[in-house]
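Reviewing the structure listed below.
Chain identifiers are assigned alphabetically (A, B, ...) following the order of the sequence lines, protein sequences preceding nucleic acid strands; residue numbering begins at 1 within each chain.
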Amino acid sequence: MLDPALLRAQLADTARRLRDTRGFELDVAALEALEAERKTIQIRTQELQNLRNTRSKAIGAAKAKGEDVAPLMAEVAGFGDELKASEARLAEIQQAFADIALRVPNLPHESVPIGRDENGNVEMHRHGEPTRFDFKPRDHIDLGARKGWLDAESASRISGARFTVLRGELARLHRALAQFMLDLHTGEHGYLEVNVPLLVAPEALVGTGNLPKFEEDLFRTDTGDVRRFLIPTAEVPLTNLVREQIVEADALPMRMTAHTMCFRAEAGSYGRDVRGMIRQHQFEKVELVSITRPQDSWAEHERMTRCAETVLERLGLPYRRMVLCTGDMGFAAARTHDLEVWLPGQDAYREISSCSNCEAFQARRMQGRWRNPDTGKPELLHTLNGSGVAIGRALIAVMENYQQADGSIRVPEVLRGYMGGAEVIA
RNA sequence: GGAGAGGUGGCAGAGUGGUCGAAUGCGCCGGAUUCGAAAUCCGGUUUACGGGUCUCCCGUAACGUGGGUUCGAAUCCCACCCUCUCCGCCA
């Protein structure tokens, strides 16, 4: 959520910035009307509440002295209805304001390139060169089919489209990737390993910005009359660890990592990446979340992106870093770096990690604060999240980049310890 | 799933219709005392929102959540959520 002051005192300017960057049309007329009424109604409501409180206390005092309270009672009765109506109207206005405010995306940082869609993204740098082969490289679907390692057909019989069954050495390689990433981030990058719930309450998703606007992207369960959602990313439970908390300054930065399943409905992506395991309803990811002081978040953003890049470098995978343009960024982000890994099977770079600084946008939604020793006051935290990295896509990248002419796959050196020392899976 | 107990400030724990944002203790911060420390004593110590003469003052709200009763609710009523104990089931 944006600072409410931006939606009140600087409404016109904020609307312009949202339009120019994200192409988002803020309902200025509605907000103006609400704000105009809010102010008078709120002042009047509090006035009446004050009146009621003082009269009620007077009644108590009069009763204690044994005096007649009838006149006081009559006085209160006089404005009781107005108070009720006023309170109700104020609640309506505040609800209406929140309904709008919770659907307004974050303002991009000034450093973010302006653009409409992914074509406006800008490459920052690249690492390695696209892998060369002296034979025609296959894609992961072919490579996986050879030994029954990767089986979409069985998965669709069990669960439907966009699921995959992994078997044997490929399943093990998948697990090895997760282990490697987790060990790297906890052992070398200072992240604390956390194991989190995969089913979360709606409030947690409001906190990260997935709700109320993007419910159609989520899987939901209504068992036992309690509505819960399957997490689309571990960012949700990890970031919500500071929800409604005031953390001490010496606990910052908080760096947390978790290996979890992620579940996405992929509504609106029909026809995209239908073959293979690039885009699945269920996938695994090692997530990085940092919680920082506001003054530290941009340095942390670079650091986090480097942590994700290190994963790809250690795996020996060619990649490039992109900065997403204003029109392609996610709802909560102020700036996002995407890492795109080279996939020989597609002859293209494809997203494998996304690292975002959300500044105070999520923290404000979840009232996540820290105590600033300089002011002694609780102030909003900054939250960052990044994939470190997507495991399914890393598996694809390893398969396609490490394939050999006979369809076998060399095991990247850093993974061999997790593979019983195997140098190749065949 | 069955039976019972309970959710109050950073923590512990009082409070069962009135001046209670809330005793007391602990913790924490400041001060006094001390050569210094301990002990002791004094004072302070939640958050959100709104208004203003905007380093401060005033007001409103918040005692699990949401409704209700009432002039007035931490306190009474209803629903829900959560925690704990015992039983059952279970990875």
Fill in: Interatomic distance, A:L199 CG vs B:C81 C1' [rounded to whole Å]
17 Å
Worksheet entry | For B:A38, the Watson-Crick or wobble partner whose two distances fall under 3.5 Å | none
Fill in: Phosphate OP1/OP2 of B:U47 contacted by A:R371 side-chain N/O (<4.0 Å)
yes
Worksheet entry | Polar side-chain atom of A:R303 near backbone of A:H189 as donor-acceptor pair, under 3.5 Å | yes
Practice prompt. Scan every strand shown for a Watson-Crick or G-U wobble partner of B:U85, both distances under 3.5 Å, and answer none if you come up empty.
Written response: B:A3
Discussion item. Between B:G27 and B:C49, how many Å separate the two C1' atoms, rounded to a whole number?
Written reply: 29 Å
Worksheet entry | Distance between C1' atoms of B:C11 and B:U45 (Å, rounded) | 14 Å
Worksheet item: How would you label the contact of A:R44 with the nucleic acid (heavy atoms, under 4.0 Å): base, sugar-phosphate, or nothing?
Response: nothing
Worksheet entry | Integer-rounded Å distance: B:U60 P and A:Q49 CD | 8 Å
Discussion item. Side-chain N or O of A:N50 versus OP1/OP2 of B:G59: is the shortest distance under 4.0 Å?
Written reply: no
Worksheet item: Would you say the side chain of A:R410 lies within less than 4.5 Å of the side chain of A:E423, judging by non-hydrogen atoms?
Response: no
Worksheet item: Between atom CD1 in A:I93 and atom P in B:C49, what is the gap in whole Å?
Response: 18 Å
Worksheet item: Can you tell me how far C1' in B:A23 sits from the matching atom in B:A14, rounded to whole Å?
Response: 6 Å
Worksheet item: Looking only at atom C1', what distance separates B:G25 and B:G9, rounded to whole Å?
Response: 14 Å
Worksheet entry | Side-chain ion pair, A:D13 and A:R16, N-O less than 4.0 Å | yes
Worksheet item: Which one, B:A61, B:G50, B:A48, comes nearest to the side chain of A:Q42?
Response: B:G50
Worksheet item: Which nucleotide sits closest to the side chain of A:K57: B:U46, B:C71, B:U19?
Response: B:U19
Item to complete: Decide, yes or no, whether a salt bridge links A:E37 with A:R89 under the criterion of side-chain N to carboxylate O below 4.0 Å.
Response: yes
Discussion item. When both hydrogen-bonding distances must be under 3.5 Å and the geometry is Watson-Crick or G-U wobble, what is B:U55 paired with, if anything?
Written reply: none
Worksheet item: Within this structure, what is the CZ-to-P distance between A:R55 and B:U19, rounded to whole angstrom?
Response: 16 Å
Worksheet item: When rounded to the nearest Å, what value does the distance between C1' atoms of B:G68 and B:G59 take?
Response: 27 Å
Worksheet entry | Counter-base of B:G18, judged by Watson-Crick or G-U geometry with both distances under 3.5 Å | B:C71
Discussion item. I need the CD1-C1' distance between A:I59 and B:A73, as an integer number of Å.
Written reply: 14 Å
Item to complete: Among the candidates B:G51, B:U47, B:G18, find the nucleotide nearest to the side-chain atoms of A:I43.
Response: B:G51
Response to the item:
As its Watson-Crick or G-U partner within any shown strand, both distances under 3.5 Å, B:A91 has none
Discussion item. With rounding to the closest Å, how many angstrom separate the P atoms on B:G4 and B:C80?
Written reply: 15 Å
Fill in: Side-chain N,O (A:R38) to OP1/OP2 (B:G51) below 4.0 Å
yes
Worksheet item: Are the charged groups of A:R306 and A:E313 less than 4.0 angstrom apart, N to O?
Response: yes
Worksheet entry | Integer-rounded Å distance: B:C29 P and A:E248 CD | 11 Å
Worksheet item: In the strands shown, is B:G43 matched to any nucleotide by a Watson-Crick or G-U wobble pair with both distances under 3.5 Å, and which?
Response: B:C29
Discussion item. Using heavy-atom distances to pick each residue's nearest nucleotide on RNA chain B, tell me which of A:G60 and A:Q367 is more 5'.
Written reply: A:G60
Worksheet item: Are A:E235 and A:K285 within salt-bridge range, i.e. N to O under 4.0 Å?
Response: no
Worksheet item: Among side-chain atoms of A:H259 and A:E284, is any donor-acceptor pair under 3.5 angstrom?
Response: yes
Discussion item. Using atom C1' in both nucleotides, what's the gap between B:A22 and B:U47 to the nearest angstrom?
Written reply: 15 Å
Worksheet item: In terms of side-chain heavy atoms of A:R52, which of B:U47, B:G72, B:G18 is nearest?
Response: B:G72
Item to complete: Check every strand shown and say whether A:K39 touches a base, only sugar-phosphate, or nothing at a heavy-atom separation below 4.0 Å.
Response: sugar-phosphate
Practice prompt. Output yes when at least one side-chain N/O atom of A:R8 is less than 4.0 Å from OP1 or OP2 of B:C49, else no.
Written response: no
Response to the item:
Closest to the 5' end of RNA chain B, once A:I246 and A:E47 are matched to their nearest nucleotides, is A:I246
Fill in: A:N53 side chain near B:G18 phosphate (N/O to OP1/OP2, under 4.0 Å)
no
Worksheet entry | Span that lies between the P atom of B:U65 and that of B:A74, in whole angstrom | 12 Å
Practice prompt. Return yes if the base of B:G59 and the side-chain atoms of A:Q46 contain a donor-acceptor N/O pair under 3.5 Å, otherwise no.
Written response: yes
Worksheet entry | Protein-nucleotide distance (A:Q245, atom CD; B:G9, atom P), rounded to Å | 13 Å
Worksheet item: What nucleotide, of B:A48, B:G72, B:G50, holds the atom closest to the side chain of A:S56?
Response: B:G72
Item to complete: In plain terms, say whether A:R227 and A:E215 are close enough for a salt bridge, that is, a side-chain N and a carboxylate O under 4.0 Å apart.
Response: yes
Discussion item. Which nucleotide, if any, forms a Watson-Crick or G-U wobble pair with B:G66, using both distances under 3.5 Å?
Written reply: B:C78
Worksheet entry | Separation of B:G51 C1' from A:L90 CG (nearest whole Å) | 14 Å
